[in-house]
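The analysis underlying the following values was restricted to heavy atoms, covering all of them including side chains, and did not include hydrogens, waters or symmetry mates. A, B, ... follow the sequence lines: proteins, then strands. Residue 1 opens every chain.
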Amino acid sequence: MSYIQVDNLNKQYGEGEAAVLAVRGINFGIESGELIAIMGESGSGKSTLLTVMGALNSPTRGKYRVDEIDVYALGQEERADFRRNYLGFVFQSFHLIPYLTVRENVMLPLTPIKIGKKQKRAMAEEALGRVGLAGKGGRLPNQISGGEQERVAIARAMVNKPPILLADEPTGNLDTKNTREMMNLLTQLNSDGMTIIMVTHNPECAQYARRTLHLSDGLLMEEENIIQRQAILAMTHSPESAVCAQGASVS
Amino acid sequence: MNLWDIALKNLRRRKSKAAFVLVGLTIGVSAVVVFISIAEALTQNINSKLEEYGANILIVPKTENLPLSYGGISLGGVLFEMQEIHEEELAKIREIANAKNVAAVGPMLLGAVEIGSRKAVLAGMDFQVASQLRPWWKIQGSQPEEEGVLAGAEAARILGIVVGKPVAVNGRSLVVSGILEATGSQDDQILFTPLATAQSILHKEGRISLAEVAALCSGCPIEEMVRQISAIIPGANVMAIKQVVEGRMATLNQFRKASYGLSAIVVLVGALVVLVTMMGSVRERTAEIGIFRAIGFRSSHIMKIILLEAGIVSVLAGVLGYLLGLGATKIALLFFAPGGGHSGHGIALPVDPWLAGAALALAIVLGLTASFYPARVAARLDPCEALRSL
């Protein structure tokens with residue numbers, strides 16, 4: 001069994017004639033330390049799959065296991081604990097809390113944890129340092145740029161050192177330069193051992209991933225691996241980051 | 001950074017909503033404080049007024065068949081056959097459960113005496129408590145000393161008594177210290193002398209015919225005091241003169257009931273203001289709550305944040321509500337009794353630490369109760385749905 005194991009996962013919204021099957025019988029496994037991209041058209045079910053993998057959205061059928069924990073067999077509160085201990089989230093629009101400072105936003109996942117304020121602050125400063133925002137902890141989110149907000153979101157996702165990071169369109173609102181920085185940051189975190197699962201529209205950004213899962217109409221259509229991608233890259237002779245950045249700006 | 005910090009920061013961010021909750025709670029609490037304080041002030045005022053009504057409990061010896069008519073006692077020719085109460089038994093009245101409600105105890109010995117060729121009733125009494133038991137007395141002259149006598153208006157007229165002149169009572173010469181102005185009561189036909197003097201003249205040392213008690217009975221049913229006194233003086237018949245007290249108390253109780261009813265309505269409106277505002281606040285914060293849930297906040301953490309916010313505002317509202325209520329009561333009391341009261345500056349404002357504590361407790365209970373449902377709604381928000389609202 002893989003570190004993350006998805007078995008026959010189904011998610012249906014609504015009932016009867018209005019029922020929509022967003023995810024249909026998906027099976028795959030992810031090993032610890034992988035960087036995975038999930039791609040697909042709008043409405044293909046990739047965001048639904050991410051919320052299910054984020055322990056936020058109960059599947060209609062199927063199993064989702066992480067580190068041999070049957071996530072949806074857990075109660076609501078235990079699932080909250082699971083999210084806190086195992087997952088970091090990077091949302092498309094950053095979703096920073098506007099009335100909290102950058103540092104306080106980063107400290108949010110530590111709030112329910114019973115550790116001293118000083119330690120929480122030190123952990124937040126360390127995370128901010130890693131994303132290049134040391135010294136900006138006292139600012140409010142509206143006092144920093146979009147790229148910096150994205151980095152704050154990443155700092156928040158990694159502050160408690162979760163083993164898995166889920167990112168929903170992390171470059172969707174970023175320009176070319178910031179997209180490149182973002183992908184470099186995710187790659188760096190991945191090389192430190194963090195498992196990263198990223199939903200993206202952008203095929204070029206997906207090329208940073210070791211594997212890409214393609215979804216269409218709720219079905220897992222194909223799984224592209226790094227060897228196939230290397231072949232494509234060899235044909236285009238284009239550096240990954242540049243292609244990704246270009247793709248992001250086009251998208 | 002903890003849940004407390006989040007609650008405080010959110011209150012600071014949503015100042016208008018917090019202010020709205022604060023105003024709703026403050027008005028509710030202050031209204032309750034006003035109603036209770038006014039009722040309390042009026043009760044205290046009535047208590048002090050009741051003292052002006054004099055005795056309201058009579059303690060007379062138990063008799064089998066002798067009708068009494070003075071204050072319920074008929075003396076007449078059978079007076080000599082009456083049983084008497086021992087003076088020392090009265091001391092027990094100060095030991096009853098409601099002793100704090102006893103303002104004054106006035107023993108009295110009654111007996112027929114001869115004044116020249118005429119007969120009259122002589123009453124021995126404790127003149128130290130006379131002003132409390134008979135505040136309506138107006139004396140021309142002064143209260144009698146040990147060998148003195150005070151004559152009722154009618155008795156003075158019939159017996160030809162003059163202030164400053166001696167009068168022979170059962171052959172004992174007593175100086176007339178004063179004459180009572182007509183009261184319209186049986187006091188007009190009686191001669192009054194200090195209790196010890198009367199006991200000596202009537203040869204009844206240590207004994208009394210009756211006792212009058214001035215009881216302040218706002219906090220207790222007067223029947224209960226009557227029962228307590230009857231229990232400690234078994235040989236006595238204890239009677240309440242209830243009409244005055246009951247009439248006043250009935251009015252006050254009606255005011256109290258109306259106050260509590262109005263308080264309940266104001267409190268209900270206050271609670272609704274809190275409920276609606278907090279629900280609005282929760283709806284506004286759906287996305288934020290979704291983020292909290294997504295990054296690992298338990299439902300209980302969300303509830304704590306909402307209830308902490310409500311608690312902080314409630315404590316503030318409790319303090320402000322109490323102070324505002326006291327201020328409003330002070331103004332209201334000027335209208336209830338302008339220039340009246342014992343101090344001459346209206347009815348005194350009661351400052352009760354229990355009421356202050358109760359106001360604070362009311363605000364907290366009200367704020368938390370009214371916020372419980374919104375907090376529960378927030379805690380039960382589906383994190384996925386909440387995030388979808390982003």
Side-chain angles (χ1 to χ4, degrees), chain A residues 11 13 47-48 50-52 54-58 75-101 103-121 123-124 137 140 153 156-157 159-160 162 166 168, chain B residues 1-19 21 278 280-310 312-313 375-390:
Chain A
K11 179 64 191 179
Y13 292 112
S47 287
T48 295
L50 195 75
T51 57
V52 172
L56 294 166
N57 197 3
S58 300
Q76 284 282 352
E77 299 294 72
E78 288 73 25
R79 225 180 296 158
D81 295 341
F82 168 82
R83 286 194 290 273
R84 190 169 62 244
N85 296 327
Y86 278 85
L87 306 176
F89 280 94
V90 178
F91 304 100
Q92 184 175 1
S93 306
F94 324 136
H95 300 332
L96 304 179
I97 307 294
Y99 57 87
L100 298 179
T101 63
R103 184 185 303 108
E104 287 165 342
N105 265 287
V106 174
M107 284 161 79
L108 266 183
L110 305 172
T111 306
I113 301 171
K114 284 191 172 128
I115 52 173
K117 271 191 178 182
K118 275 186 182 172
Q119 197 182 339
K120 285 180 186 175
R121 196 185 166 99
M123 288 169 79
L140 287 170
R156 182 175 67 186
V159 68
N160 54 339
L166 302 174
D168 188 7
Chain B
M1 183 77 178
N2 51 34
L3 299 178
W4 178 263
D5 295 326
I6 294 175
L8 271 178
K9 289 233 171 193
N10 186 58
L11 283 177
R12 260 183 256 157
R13 184 201 178 201
R14 293 181 165 85
K15 285 191 188 81
S16 57
K17 280 228 157 41
V21 172
M278 292 304 275
S281 177
V282 165
R283 267 195 288 273
E284 267 180 22
R285 297 162 69 186
T286 302
E288 179 185 314
I289 291 164
I291 295 166
F292 287 154
R293 295 285 281 136
I295 62 179
F297 279 51
R298 283 179 159 222
S299 306
S300 56
H301 296 132
I302 305 294
M303 273 199 92
K304 268 185 198 166
I305 292 172
I306 307 282
L307 292 177
L308 266 175
E309 288 171 16
I312 293 165
V313 176
R376 203 171 146 86
V377 168
R380 288 188 166 188
L381 272 178
D382 179 352
C384 196
E385 287 295 324
L387 283 171
R388 215 167 276 167
S389 72
L390 287 163

The side-chain contact (heavy atoms from CB on, under 4.5 Å) partner of A:T111 among B:I295, B:I305, B:I6 is B:I6
With A:Q76 as partner, the option from B:R298, B:R293, B:R380 fulfilling side-chain contact (heavy atoms from CB on, under 4.5 Å) is B:R293
Checklist entry - Are B:I291 and A:R156 close enough, and set up right, to give a side-chain contact (heavy atoms from CB on, under 4.5 Å), and what steps lead you there? => result CA-CA 11 Å; B:I291 295 166; A:R156 182 175 67 186; 3.9 Å; yes
Cut-off 4.5 Å, heavy atoms of chain B, and the answer for A:F89 is side chain
Report yes if the side chains of B:R13 and A:L100 come closer than 4.5 Å at any heavy-atom pair, otherwise no. no
task = Answer yes or no: is there a donor N or O on one side and an acceptor on the other, between the side chain of A:R83 and the main chain of B:G296, under 3.5 Å?
result = no
| message | Please check if the number of heavy atoms outside A:K11 that lie under 6.0 Å from its NZ is greater than 12. | response | yes
Cut-off 4.5 Å, heavy atoms of chain B, and the answer for A:R103 is neither
Applying a strict 4.5 Å limit to non-hydrogen atoms, the region of A:L108 in contact with chain B is both
Here the gap from B:C384 atom SG to A:N57 atom CG, rounded to the nearest 0.5 Å, amounts to 3.5 Å
So, the part of A:P98 with a heavy atom under 4.5 Å from chain B: the answer is side chain
- Given side chains that start at C-beta, do those of A:E104 and B:K9 come closer than 4.5 Å, heavy atoms only? yes
Applying a strict 4.5 Å limit to non-hydrogen atoms, the region of B:R12 in contact with chain A is neither
Given B:N2, B:N10, B:D5, B:D382, the one with more heavy-atom pairs under 4.5 angstrom with chain A than any other is B:N10
Of A:L87, A:D81, A:L110, A:I113, the largest count of non-hydrogen pairs under 4.5 angstrom with chain B goes to A:D81
